[in-house]
Q: 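Can you keep this structure in mind? I'll have questions shortly.
We count ligands from 1, going down the list as the structure has it; atoms in each ligand are counted the same way.
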Amino acid sequence: MNIKNLCIAGATLFLLSCSSSKKENSQEEKIDKLIAQMTLDEKIGQMNQLTGLGLSDDMKNSIREGSVGSILNELDVKTINELQRIAVEESRLHIPLIFARDVIHGFRTIFPIPLGQAASWNPQVAEDGARIAAVEASAVGIRWVFAPMIDISRDPRWGRIAESCGEDPYLTSVMGVAMVKGFQGDSLSNPSSVAACAKHYAGYGFTESGKDYNTTWIPEELLRDVVLPPFEAAAKAGCATFMCSFNDINGVPSSGNRHLNVDILRNEWDYDGVLVSDWGSIEQMVQHGIAADLKDAALLAANAEVDVDMMGFAYVRHLKELIAEGKVSEKIVDEMVRNVLRLKFRLGLFDNPYAKEQESPFYTDDALLKAKNAAIESAVLLKNEKNVLPLKNVKTIAVVGALADAPADQLGTWIFDGEPSHSITPLAVLKKDAGDVKINYVQTLKYSRDKNKGDFAKALAAAKSSDVVLYFAGEEAILSGEAKCRADISLPGAQSDLLTELKKAGKPVVLVVMAGRPLTISKEVAEADAVLYAFHGGTMAGEALADLLFGKAVPSGKLPVTFPRMVGQIPTYYAHKNTGRPAENVQLIDDIPVGAGQFSIGATSYHLDAGDSPLFPFGYGLSYTTFAYSEPRLSATTLQKGGTLTVECDITNTGKVDAAEVAQLYIRDRVASLARPVRELKGFDKIQLKAGETKTVKFTLTDDQLAFWNADNAKRAEAGEFQVWVSADSQSGTAVSFEYK
Ligand code: BGC
């Protein structure tokens, strides 16, 4: 770009920002005028979110009286438009409603679960998924979706890990921001844009023992370095709303947490969007034991500036009284109402309140293609002994397992509006595209928890008479998601035994896992010849998997979360601290001599029965080709405060297949005032490489990326040595060092 163009671009940006700030000013004036006319009851009404009751008289009356501001879970476009008509034409101040819904990984066209999308390490996948979801959901009048879920989770027992982007704050930030962009489009006021909701603010993924809704203990350092970065990134990206989490953090539930909601969200991040409670989470402060009753809970939530009470009835029942008693200031309530009205203005609902009743805009070719691509990019190849995959020269394939033809289960959790009748299952595609290849299908186990071994002999016979076995195992959709936590995360039912049985045929066995979380599959990985981890891939999972299995597509997913060998290792995550005695001389339980002396086997940090390594590390994933990484090259040996340092690495596709690779940038702060993680992800780049091709990836480091929340309660980079890796996963690669001054 030359200087002249730069000036024109600068002037245009300046004019655009003037016009958008003018728009915001006139909008704030309109909001002032509205608030000035509102009764206290009408204000509290805007802060009340109810679940849909269709066209019931109760709902119609609440809307007429102005005692409801938003409605969730109403889906019929005619009903939505009629309720909106009542709000706009029959309520005193004509304030429109917002209709909200949990649209987590698709509305009708279902994309892979978010954990799968994160495995793509491709923000475009996440943005496309959210965009298509927005177009489909807004077509029925939904303008607010409760996604993205950007809770960091290091615990695969927690069922909601399926909805998350995994364990890493940087990867989650990138994917979360991409989802916000996709949902909200270029402008929120576009009728096909929906307000996104960053949830669950905050710390929900750190629930003790991976049990949902459980308590969390999160010191400020962990909160600032790990839990909050995705939320801050979402706020900065203009995410229109935030949702409180259910958990208490160090004793204070998020819905009553001023530190999170006021000090950080409003004051530090200057956030002017809406903060909504989770379903009944204000009321639940009574059960938490920090509010005596619903009125007390309303007091805590209002003083923690939670703008909207989702299905808790605390504000409608008690806020007026609390204001009259002087316990909650009406000025604060005005600010909370302002946030809600601002969202309605931003969505353009005052000018354009109705959804266009249109022909079904669902499952367009574009949506299906993007969903298929997402499912392709989400699958992670974990093992491929003797290059069993992609399948070649096979004449007969045994297809086995509960997940081969499970249209509802492949959609995964949180798919209220997904339709299994539109799912394309692996079996359907294999049969359709079989050509001369014979498919021997023996489902064997009817669902993932099935323990009935009655059909094992048939499955073995099919395996014996086939060239290869495709075994689709995993978890039904109902085993992950909210309140679907497991203490044992192995393959449920008799699925593991079935694999052992199939191996008896002496044929290569390809294990395809469809699940909502990392499963402990050490034994199965050892037994199977190839393992493709597909998560729950959504509507198009079958087509995507067939392309991958037959080599029309090449796996490029990388794990967004560490896979433990066994549950006892949890939490296990790559960005752990080194400890004073890092694992060395690992001697496992069966190798210890009988009668060994107390310290004869060393004293370092590992489990006697699991060692110190996970089954698969964060960032790991194979391809049908191989890649070679050069040692990283730094632009200098020092990074000055306020300066930049570039890191380059040459990556060569050393195999025979064109493929994509995710190059990952990690750093380590060698000596700091607080012990720092052994590695932290600071960048990644998914690149396409033709067979034999070499490309250079380039990353820029600034002190911002080196900074952490230190013992003085401040975020800052500390001078000293840093190590840098550019590698294929969180454990491999060569480190080089620089000095930060
Ligand atoms: C979940 C939220 C969800 C809400 C509304 C709650 O149970 O925790 O994630 O958005 O319900 O359905």
Side-chain angles (χ1 to χ4, degrees), residues 48-53 68-75 98-107 113-115 130 133-134 137 140 142-153 158-165 172 176 179-180 183 194-207 210-216 227 230-231 234 239-249 253-255 257 260 273-285 287-288 301 306-314 343 412-418 477-478 480-485 516:
N48 187 30
Q49 182 170 97
L50 297 179
T51 193
L53 296 171
V68 52
S70 49
I71 295 177
L72 78 160
N73 297 340
E74 195 59 76
L75 275 184
I98 316 182
F99 293 88
R101 181 74 163 167
D102 286 288
V103 178
I104 310 297
H105 53 113
F107 183 66
I113 54 170
L115 190 63
V140 305
I142 289 158
R143 298 297 306 282
W144 183 3
V145 296
F146 297 135
M149 195 271 228
I150 46 177
D151 295 313
I152 299 300
S153 178
W158 190 47
R160 300 198 81 166
I161 198 169
E163 278 176 75
S164 82
C165 293
T172 301
M179 289 178 194
V180 170
F183 284 130
V194 295
C197 183
K199 73 184 190 185
H200 306 83
Y201 186 69
Y204 190 29
F206 280 77
T207 174
K211 193 174 66 173
D212 216 350
Y213 318 119
N214 208 357
T215 204
T216 66
V227 173
F231 289 97
C239 183
T241 74
F242 267 51
M243 184 189 290
C244 300
S245 58
F246 281 127
N247 54 295
D248 75 88
I249 302 184
S254 303
S255 304
N257 199 315
L260 278 177
V274 167
L275 176 63
V276 60
S277 77
D278 202 342
W279 182 292
S281 66
I282 295 181
E283 176 202 4
Q284 287 160 24
M285 287 195 281
Q287 281 85 322
H288 273 290
V306 177
D307 302 320
V308 174
D309 177 2
M310 182 200 293
M311 287 303 289
F313 304 97
L343 176 62
T413 184
W414 279 114
I415 44 96
F416 290 142
D417 310 299
I478 190 65
S480 60
E482 184 173 349
K484 309 296 179 317
C485 304

Q: Between Arg101 and ligand 1, which residue portion shows a heavy-atom distance shorter than 4.0 Å: side chain, backbone, both, or neither?
A: neither
Q: Using atom types as modelled and distance alone, determine if a side-chain donor or acceptor of Asp309 lies under 3.5 Å from a backbone N or O of Ala314.
A: yes
Q: Out of His200, Met243, Met310, who is nearest to atom 9 (O) of ligand 1 when you count heavy atoms only?
A: His200
Q: Would you say the side chains of Trp144 and Thr241 form a donor-acceptor pair under 3.5 Å?
A: yes
Q: Can you tell me if Gln284 uses its side chain to pair, donor with acceptor, with the backbone of Trp279 under 3.5 Å?
A: yes
Q: Hey, looking at atom 1 (C) of ligand 1, which of Glu482, Met311, Glu163 has the closest heavy atom?
A: Glu482
Q: Examine the side chains of Asp151 and Ser164 and answer whether a donor and an acceptor come within less than 3.5 Å of each other.
A: no
Q: Using a strict 4.0 Å cut-off to heavy atoms of Asp278, name the atoms of ligand 1 that fall inside it.
A: 1 (C), 2 (C), 3 (C), 4 (C), 6 (C), 7 (O), 8 (O), 11 (O)
Q: Heavy-atom contacts under 4.0 Å between Lys199 and ligand 1: side chain, backbone, both, or neither?
A: side chain
Q: Would the distance check show the side chain of Asn247 and the main-chain N or O of Ala202 forming a donor-acceptor pair, the cut-off being under 3.5 Å?
A: yes
Q: Has the side chain of Asn48 got a donor or acceptor atom that lies under 3.5 Å from a matching backbone atom of Val68?
A: no
Q: In terms of atom number and element, which parts of ligand 1 are under 4.0 angstrom from non-hydrogen atoms of Phe146?
A: 10 (O)
Q: Just to be sure I'm reading this right: ignoring hydrogens, which of Val103, Asp102, Asn73 gets closest to atom 5 (C) of ligand 1? Compare them by their nearest heavy atoms.
A: Asp102
